[in-house]
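Taking it in order: structure first as structure tokens, then the write-up.
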Amino acid sequence: MPIENHQTAVEKIDALLKMLTGIGGLRLKYRITAGAGAADPNKFESREIYVEIAGPDVDLVLERNAELLRSLEHIAAKMLRLEPEEHDVISFDARGYKATRALELRLAADTAAEQVRKSQQPYNFAPMNSRERRMLHLALRAHEDLRSESSGEGMRRYVVVYPKNWQPQAAPAAGIARARTFGRG
């Protein structure tokens, strides 16, 4: 368990949110749940601390695909000195955004799986953050005839779905392929 003292962690998150609402002037309410009560019922996250945000300014938190919500999560994880692979032990949500996004990702995974089965070609998702990539990988586990991998680097990292035994086709041997040139020469 990465978080040794839930009470201390809750106090630090509470102080962060008080500063955000006090100095930042955001009209938000929040509830912090720690321990067993914070567990993710969908089992996509192994969360130990769950923060629910509501209030008149919740729309600001959810703008730009919940960029501020994810930023708060990231800052809280850094404050608690969690390693990157441990960041899913803390989760912030507002208006069920993350549950809705998890459902969207599951549906996208199922759609991609069907497309890969039909075409027998890999399917590339758009770049996304590490939590969403993980959710896709978990959703794709149910499709035993397929496999998924992450590709790319940094902010451009994305998930690729392959038929289970897919191998890239070999490039034509040098000298065999001929290029045609069109236009003025």
Using a strict threshold of under 4.0 Å (side-chain N to carboxylate O), is an ion pair present between [Y] and [X]?
{"X": "Glu73", "Y": "Lys98", "answer": "yes"}
{"X": "Lys164", "Y": "Asp145", "answer": "no"}
{"X": "Arg106", "Y": "Glu104", "answer": "no"}
{"X": "Lys29", "Y": "Glu52", "answer": "no"}

Subject >> Any Phe92 side-chain heavy atom under 4.5 Å of Ile13 side chain >> reply: yes
Closest heavy-atom pair and its distance - [X], [Y]:
{"X": "Asp57", "Y": "Gly25", "answer": "OD2-O, 4.0 Å"}
{"X": "Thr33", "Y": "Ala38", "answer": "O-CB, 3.4 Å"}
{"X": "Val58", "Y": "Arg95", "answer": "CG1-NH2, 3.0 Å"}
{"X": "Pro163", "Y": "Arg147", "answer": "O-NE, 3.9 Å"}

Using a 3.5 Å distance criterion without hydrogens, assess whether the side chain of [X] forms a donor-acceptor pair with backbone atoms of [Y].
{"X": "Arg47", "Y": "His87", "answer": "no"}
{"X": "Glu132", "Y": "Asn129", "answer": "no"}
{"X": "Arg157", "Y": "Gly152", "answer": "yes"}

Same cluster or not: are [X] and [Y] linked, directly or through other Ile, Leu, Val, Met, Phe, Trp or Tyr residues, by side-chain heavy atoms under 4.5 angstrom apart?
{"X": "Leu105", "Y": "Tyr158", "result": "no"}
{"X": "Leu28", "Y": "Leu62", "result": "yes"}
{"X": "Leu82", "Y": "Tyr50", "result": "no"}
{"X": "Leu20", "Y": "Ile53", "result": "yes"}

Apply ring-ring contact (aromatic ring centres under 6.0 Å, His included) to [X] and list each qualifying residue two or more places apart in sequence or on a separate chain.
{"X": "His137", "value": "none"}
{"X": "Phe125", "value": "Tyr123"}
{"X": "Tyr97", "value": "none"}
{"X": "Tyr162", "value": "Trp166"}

So how far is it from [X] [atom1] to [Y] [atom2], rounded to the nearest 0.5 Å?
{"X": "Leu72", "Y": "Ser91", "atom1": "CG", "atom2": "OG", "answer": "11.5 Å"}
{"X": "Met135", "Y": "Met128", "atom1": "CE", "atom2": "CE", "answer": "10.5 Å"}
{"X": "Ser46", "Y": "Asp40", "atom1": "OG", "atom2": "CG", "answer": "9.0 Å"}

Original post:
Which other residues end up in the same hydrophobic cluster as Leu16, if Ile, Leu, Val, Met, Phe, Trp and Tyr are linked when side-chain heavy atoms come under 4.5 Å apart?
Top reply: Met19, Ile23, Ile75, Met79
Original post:
Looking at residues at least two apart in the chain, or sitting in another chain, which of them share a side-chain hydrogen bond (donor to acceptor under 3.5 Å, both in side chains) with Thr8?
Top reply: Asn5
Original post:
Residues in side-chain hydrogen bond (donor to acceptor under 3.5 Å, both in side chains) with Glu67, at least two apart?
Top reply: none
Who are the salt bridge (charged side-chain N to carboxylate O under 4.0 Å, His left out) partners of [X], not counting sequence neighbours?
{"X": "Arg70", "answer": "none"}
{"X": "Arg134", "answer": "Asp88"}
{"X": "Asp93", "answer": "none"}

Subject >> side chain to side chain contact (heavy atoms under 4.5 Å, CB included) partners of Leu146, counting only residues at least two apart >> reply: Ala113, Val116, Arg117, His143, Val161
Subject >> Residue pair Glu48 / His6, side-chain donor-acceptor N/O under 3.5 Å >> reply: yes
Original post:
Quick one: salt bridge (charged side-chain N to carboxylate O under 4.0 Å, His left out) pairs with a partner in residues 15-25, sequence neighbours left out?
Top reply: Asp14-Lys18
**OP:** Decide if atom CD of Glu153 counts as having more than 12 heavy atoms of other residues, nucleotides or ligands within a radius under 6.0 Å.
**Re:** no
**OP:** Count the heavy atoms belonging to other residues, nucleotides or ligands that lie under 6.0 Å from CD of Glu144, then report whether that count exceeds 12.
**Re:** no
